[in-house]
2 protein chains.
Amino acid sequence: MQAALDRTFHALSDPTRRAMVQRLSRGPATVSELARPLTISLPAVVQHLQVLENCGVIRSEKVGRVRTCAIEPNALSAAERWISDRRQLWERRLDRLADFLDDADAAPRKSPGKGEPG
Amino acid sequence: MQAALDRTFHALSDPTRRAMVQRLSRGPATVSELARPLTISLPAVVQHLQVLENCGVIRSEKVGRVRTCAIEPNALSAAERWISDRRQLWERRLDRLADFLDDADAAPRKSPGKGEPG
DNA sequence: ATGATAGTTAAGCATGTACTTAAGTGTTGG
DNA sequence: CCAACACTTAAGTACATGCTTAACTATCAT
């Protein structure tokens, strides 16, 4: 879905949120644990977590008064795949270009070759 | 660099800009060619191109009155790698967790096993 | 019950983003 | 020269974002 990618890439565009994702990649953490290394207020942390949760990059569950957050791999993988798919497009194009240039060098049609370079 | 990733992910968070990247993945294009399938004004297109160029996702060159744009692979690869690196972190963690659970199942310490599942 | 803990909600503010229209610059073809 | 062309710049508007402080709720320990 288009809007899901919008939200995922937007979520990753903020360094604070990337730091949270980085932390959660190593394992689940509570809101306070995520906030501890950061210099912003707790409400700001919670707002970032909402952004990450709204795009499905993390999930969270509250037990008692403690909310524990964890990575939800699918959303990040979708973003990674979007880039990867485009990379394959342009890499194939560059490969074809390289092939063409090799062929043109090995068997020129119009003008006689100048011999091998070097 | 941190700010470069900020800009790259932000650039990708807009569907119009992703459409431009998609188009350019298939090969270079002029500003007008990029604008043609879009429903927004030309200045808006140029603003999007500036965002993409400022983060190094594309480069462009003007010849005469025509500006030609092309993908610049490095910035996108850096973004892809950021996600990929975190994915490896959590995948390793999940693997270790799976190993632990397998071991606990195969050689339980406290309570006797229930035999093989299935 | 009392107070500390962990998080939540609400309101407001400064800045940033995406878009528009209008007008301008430099290039090319007749 | 002159008009069409391909952008480019400027100015303005509407809305989104990231942050703050203040006040609130719910849970846990004593």
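Per chain, numbering begins at 1; letters A, B, ... match sequence-line order. The basis for the numbers below is simple: all heavy atoms, side chains too, and nothing from hydrogens, waters or symmetry mates.
Here the P atom of nucleotide C/dC13 and the CD atom of A/Gln47 are 16 Å apart, to the nearest Å. Going from atom CG of B/Asp6 over to atom C1' of C/dG16 covers 14 Å, rounded to whole Å.
With sequence neighbours excluded, the residues that form a side chain to side chain donor-acceptor pair (under 3.5 Å) with A/Glu53 are A/Ser60. B/Gln2 is linked by a side-chain contact (heavy atoms from CB on, under 4.5 Å) to A/Pro15, A/Arg18, B/Asp6, counting only residues two or more places apart in sequence or in another chain. Annotation: side-chain contact (heavy atoms from CB on, under 4.5 Å) contacts of B/Ser32 (sequence neighbours excluded): B/Thr30. Listed by chain and residue number, A/Glu72 satisfy the salt bridge (charged side-chain N to carboxylate O under 4.0 Å, His left out) test with A/Arg59 (two or more places apart in sequence, or in another chain). Residues forming a side-chain contact (heavy atoms from CB on, under 4.5 Å) with A/Ala75 (at least two apart in sequence, or on another chain): A/Thr8, A/Val57. Applying the side-chain contact (heavy atoms from CB on, under 4.5 Å) test to A/Ala35 and every residue at least two apart in sequence or in another chain returns A/Leu42, A/Val45.
At a non-hydrogen distance threshold of 4.0 Å, B/Gly64, B/Arg65 from residues 55-65 of chain B come into contact with DNA chain C. Listed by residue number, there are no residues of residues 13-21 of chain A with a heavy-atom contact under 4.0 Å to DNA chain C. For the contact set between residues 30-45 of chain B and DNA chain C, defined by any heavy atom under 4.0 Å, the members are B/Ile40, B/Ser41, B/Pro43, B/Ala44.
Note: the hydrophobic cluster containing B/Val51 does not contain B/Leu34 (ILVMFWY, side chain heavy atoms under 4.5 Å, direct or indirect links).
Between B/Glu61 and B/Pro28, every side-chain heavy-atom pair lies at or beyond the 4.5 Å cut-off. For the pair A/Ile71/B/Leu89, no side-chain contact is recorded, criterion being any heavy-atom separation below 4.5 Å from C-beta on. The shortest distance between side-chain heavy atoms of B/Leu52 and B/Leu24 does not fall below 4.5 Å. By the 4.5 Å heavy-atom criterion applied to side chains, B/Leu38 and B/Thr16 are counted as neighbours.
A 4.0 Å heavy-atom criterion places the boundary nucleotides of DNA chain D facing chain B at D/dA4 to D/dT9, written 5' to 3'.
Within the structure, side chain to side chain donor-acceptor pair (under 3.5 Å) pairs that include any residue of residues 34-51 of chain B comprise B/Arg17-B/His48 (at least two apart or interchain). Every pair passing salt bridge (Lys or Arg N to Asp or Glu O under 4.0 Å) that includes a residue from residues 79-89 of chain A is listed here, sequence neighbours excluded: A/Glu80-B/Arg87, A/Arg87-A/Glu91, A/Arg87-B/Glu80.
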